[in-house]
Amino acid sequence: MGRLHDQLKENGYDGHELRVMLIRLLFCLFAEDTQIFNKNQFYNFLVQRTQQDGSDLAAWISQLFDTLNREKRLKNLDEQLNAFAYINGELFKEVIPPAAFDAKMRQELIDACATDWQAISPEIFGALFQSVMNKEERRNLGAHYTSEQNILKMINSLFLQELRDELATIKTHKQVSVRAAKLDVFHDKIAQLTFLDPACGCGNFLVVAYRELRLLELEVIEQIQKDSTQLIMDVSALIRCNVNQFYGIEIEEFPSQIARVAMWLIDHQMNLLVSDRFGMHYARIPLKQSATILNANALQTDWPVTDYILGNPPFIGHQWRSAEQQNDVDLVFPKDKKFGKVDFVGAWFVKAACIMKDAPKTRTAFVSTNSITQGEQVGILWGWIFEQNLCIQFAHRTFQWQSAATGKAAVHCVIIGFGQDNTLKKTIFDYEDGKGLPLPISANNINAYLVDAKNQFLESRRQPICSVPEMVSGNKPIDGGYYFFTENEKSDFIKKEPIAEPYFKRWLGGEEFINNTVCYFLHLADVSPKDLAKMPESKKLIQKVKEYRAASPSLPTQKIADFPTKFHTSFTSTENYLAMPEISSERRVFMPIAFLGKSVLCSNKLRLVADATVFHFGVLNSTMHMAWMRTITGRLKSDYQYSVAIVYNNFPWPLNPSDKQKQTIEAAAQTVLDARAAHPECSLADLYDPLTMPANLLKAHQQLDKAVDAAYGKSKFANEAERVAFLFELYQQYTAPLQPFDKLRASQKSGDDSVASVEPVKPKKIKK
């Protein structure tokens, strides 16, 4: 079908007409395998009525489409055309220009008939749509087609499991008359439920939700039949659920048409299942009811009030919004400049919250990138949502999103269900490695970071909440690259200007730090004017940097043009210090952290801690800190983006650890350093790649985790969600209103043992 689409488009048949053509052909292929048409009726029509060169195929197809739209037909209509059923539903109402086919295109269509379309779920049509979109179109639309597996994760938690449990309870009633009455009430209930997907795409969520609702209804009908002493003569009288309970909004025309047709097709599939179960044919042809699918901009359109709102809104970061998308979010987001940092998907959460504020029974669940539960967005978006008297009722923590389409993007997602009812049983679904089956965890409360803890928002802080050394960013050169040298470039420069040799410093950015790449920086900030006068080659570079900064569109950069040997921001240390990369791969269980010598210069892509000890190294290298980081920090694509103000400064260190606990952590941390030193040929990237991590290093980290957990007063955590929930409780102790942050710091300085005290200790041994 994708190839046929491409050939029609290449032939000049494009736009609206092509989309309608493809949808209608899709329906015909499906219809002849699902008893809407007779078996092989469309295939025989193509083979027997059209020429092999395809020259008359367009004319015959146009006649077929017209025939399918007519209930009253001409008496002398071609017999083979007249045998096709009347479809209605306005699917074939619009008259479109005929296409032009050739022999190859005709054969593509005939080959498509060979597939057994009855076995194909209409949910896959979203993948068909994506297969004919180019990558740039997918990026602009934020189009991601969710697999059925992930759709079921959402709808099971949102409504389906609750309905199944209710039905199971009804079926346990021993008195038939009571059971019958309750079944009737339950049947009416599910037949009146309404559903909205305000970013429905090709209707995947609506299709799967409707199918599961019909399967639930079928179970009700089978129980009625089981309890009844009379034979069911007309099953159609017992079916109450219909596609008109479902609503969708989609901005693009083609997927909105697919969604409408997919709902008809899944309805027909379910009717075939009913026919099979009860031994009598049941079909809703001609089409009379349909799902309400609006081809409209959801952020500019009023949403109908339904029982459930669900779906997979566009995944577009706030920095990637187009001008049109920016206008859309301006219509939806509260008039607060802070919302400018909230991703595009947040507009759907806000609009749903506005509806639920006045519709207390409505519940919502959306798939989203996990960005809205990390970093700065959390307090902005969820702070406002919680103020609307809403709560998170269930959540799937970060998992790897799986698409039903080829060329799928790598996205890490969450599913969040929220509404007004705070009495519902709350469940967190956790994933051990972002894949596989989720582990359900009962929760008292689910906060915006998707852990069982109070509704707290980690603010951006300038200072740590605990008494630990400050973390800062490294040096920001803004030099246009003029001061950077490879090994060979450095040698060549020194040959021309030997006096410059002492001023070359080893330079580490994030990539150099992780991969042990050799790079040098010509650091001229401390060169005396007298010596600099003897360095003409260096002076040329200084002039180029001065001109580069002066030409910058950034005013702060222009201001430092008069100081071309100085960093924009600088970091110096008289002692060895800790360093970690700002960006680290999400594949790593442990973010690489290491001690560096005082002579090494680091870029602002590294996070640095002066005055750090082996104790601090140990805690920061622990699973405790890594779990906090993975939950709290923002991301660059799927990689971790470590935030000093959000992650480090809010991290709750062990509460008042004993000297023995500190010494145990130091000893375990030193073992980690020794394990690394045993592999001098390896970079940090090699050492911390999950597939290449040495066994002795992994074992050393496991021992370090035991030591750190013991300092926290815990010996075992069931999962990462439980670990982070524990840290939030500790965070609450550090930041409780009864003991404000300033007082906590003061009490630490006074030596009060009743509060946290994490004092620096001198390292026994440090290896670079």
Side-chain angles (χ1 to χ4, degrees), residues 121 148 151-196 205-246 263 266-284 288-289 291 305-310 359-363 365 393-394 417 419-427 429 440 442:
S121 169
E148 180 172 331
I151 294 171
L152 287 171
K153 288 178 184 177
M154 173 189 286
I155 66 174
N156 278 334
S157 303
L158 181 62
F159 68 90
L160 191 56
Q161 191 58 53
E162 188 178 311
L163 292 176
R164 284 174 176 156
D165 292 344
E166 184 178 350
L167 178 58
T169 300
I170 292 172
K171 291 168 72 172
T172 61
H173 282 280
K174 295 182 179 180
Q175 193 171 344
V176 175
S177 59
V178 173
R179 187 165 63 235
K182 288 183 177 292
L183 280 172
D184 186 61
V185 171
F186 178 79
H187 198 176
D188 264 347
K189 173 183 174 178
I190 63 173
Q192 293 172 22
L193 293 176
T194 51
F195 303 80
L196 166 68
F205 281 84
L206 299 177
V207 165
V208 176
Y210 180 61
R211 182 193 70 200
E212 295 302 311
L213 197 70
R214 286 291 304 271
L215 288 174
L216 198 66
E217 180 184 46
L218 182 57
E219 191 175 342
V220 171
I221 296 173
E222 287 176 332
Q223 184 64 46
I224 292 173
Q225 182 191 37
K226 184 179 178 181
D227 291 343
S228 177
T229 57
Q230 297 180 346
L231 184 67
I232 295 177
M233 302 301 296
D234 183 10
V235 71
S236 64
L238 294 179
I239 295 177
R240 303 177 190 176
C241 294
N242 210 325
V243 289
N244 61 0
Q245 295 171 241
F246 289 77
M263 288 298 287
I266 192 63
D267 181 60
H268 187 68
Q269 279 188 331
M270 298 315 299
N271 293 337
L272 290 178
L273 181 60
V274 170
S275 300
D276 180 64
R277 291 284 177 90
F278 292 97
M280 58 186 74
H281 181 67
Y282 173 63
R284 288 168 169 160
K288 295 179 181 179
Q289 303 282 1
V305 177
T306 56
D307 295 293
Y308 299 101
I309 302 171
L310 70 166
K361 293 185 179 180
T362 298
R363 293 166 60 188
Q393 297 165 330
F394 72 88
Q420 274 202 36
D421 190 352
N422 201 23
T423 64
L424 287 176
K425 178 184 175 183
K426 298 179 177 64
T427 305
F429 297 88
S442 295

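Every heavy atom of this structure was used, including side-chain atoms; hydrogens, water molecules and symmetry mates were not. Everything numeric in this text was worked out from a predicted model, so none of it was measured.
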Visitor: Backbone N or O of D421 within a donor-acceptor pair of the Q393 side chain at under 3.5 Å?
Guide: yes
Visitor: With Y210, which of F246, F195, Y308 fulfils ring-ring contact (aromatic ring centres under 6.0 Å, His included)?
Guide: F246
Visitor: NE2/H187 to CG/L238 distance, rounded to the nearest 0.5 angstrom?
Guide: 7.5 Å
Visitor: For the pair R240 and D188, find out whether any cationic side-chain nitrogen is under 4.0 Å from an anionic carboxylate oxygen.
Guide: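 Looking at R240 and D188, the cut-off is met.
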Visitor: Can you list the steps and then say if L218 with I239 is a side chain to side chain contact (heavy atoms under 4.5 Å, CB included)?
Guide: CA-CA 8 Å; L218 182 57; I239 295 177; over 6 Å; no
Visitor: Do F186 and L216 come close enough that some side-chain heavy atom pair is under 4.5 Å?
Guide: yes
Visitor: Who pairs with Q223 by side-chain hydrogen bond (donor to acceptor under 3.5 Å, both in side chains), at least two apart in sequence or on another chain?
Guide: D227
Visitor: Given side chains that start at C-beta, do those of I221 and F278 come closer than 4.5 Å, heavy atoms only?
Guide: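 Yes; the side chains approach each other to less than 4.5 Å.
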Visitor: Examine distances only and state if a side-chain atom of E212 and a backbone atom of L152 form a donor-acceptor pair shorter than 3.5 Å.
Guide: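 Checked: no pair found.
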Visitor: Should L273 and L215 count as side-chain neighbours, where that means a heavy-atom distance under 4.5 Å?
Guide: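 They are in side-chain contact.
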Visitor: Can you tell if the side chain of E148 reaches within under 4.5 Å of the side chain of R211, non-hydrogen atoms only?
Guide: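 They are in contact (side-chain heavy atoms under 4.5 Å apart), so the answer is yes.
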Visitor: Within the structure provided, determine whether N156 and R164 are in side-chain contact (heavy-atom separation under 4.5 Å).
Guide: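 Sidechains of R164 and N156: in contact.
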Visitor: What pairs with F394 under ring-ring contact (aromatic ring centres under 6.0 Å, His included), at least two apart in sequence or on another chain?
Guide: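 Applying ring-ring contact (aromatic ring centres under 6.0 Å, His included) to F394 gives none.
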Visitor: When rounded to the nearest 0.5 angstrom, what is the spacing between CG in L158 and CD1 in I151?
Guide: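 Separation between the atoms: 13.0 Å.
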Visitor: Minimum heavy-atom separation for A291 and M263, please, with both atom names.
Guide: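 That would be CB-CG, 3.9 Å.
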Visitor: Taking atom NZ as the centre, does K182 end up with more than 12 heavy-atom neighbours from other residues, nucleotides or ligands that are less than 6.0 angstrom away?
Guide: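 12 or below, so no.
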Visitor: Return yes if some donor-acceptor pair links the side-chain N/O of Q245 with the main-chain N/O of A191 below 3.5 Å, else return no.
Guide: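 Answer holds: yes.
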Visitor: Determine whether a donor-acceptor pair (N or O, by modelled atom type, separation under 3.5 Å) exists between the side chain of N271 and the backbone of D267.
Guide: yes
Visitor: Is there a side-chain contact between I190 and C241 in this structure, where contact means two heavy atoms from C-beta onward sitting under 4.5 Å apart?
Guide: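 Side chain of I190 against side chain of C241, heavy atoms only: contact under 4.5 Å found.
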Visitor: Calculate, to the nearest 0.5 Å, the distance between atoms CG and NZ belonging to L424 and K426 respectively.
Guide: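 These two atoms lie 7.0 Å from each other.
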Visitor: Quick check: do L163 and L193 have side-chain heavy atoms less than 4.5 Å from each other?
Guide: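 Of all side-chain heavy-atom pairs linking L193 with L163, at least one is under 4.5 Å.
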Visitor: Could you measure the distance from the OG1 atom of T194 to the CG atom of D307? Nearest 0.5 Å is fine.
Guide: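 The distance works out to 4.0 Å.
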Visitor: Hey, what do you get for CZ (R179) to NZ (K171), rounding to the nearest 0.5 Å?
Guide: 9.5 Å
Visitor: Tell me which one of K425, K189, R363 satisfies salt bridge (charged side-chain N to carboxylate O under 4.0 Å, His left out) with E162.
Guide: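 With E162 as partner, salt bridge (charged side-chain N to carboxylate O under 4.0 Å, His left out) holds for just one option, R363.
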Visitor: Rounded to the nearest 0.5 Å, what separation is found between the NZ atom of K153 and the CG atom of L160?
Guide: 15.5 Å
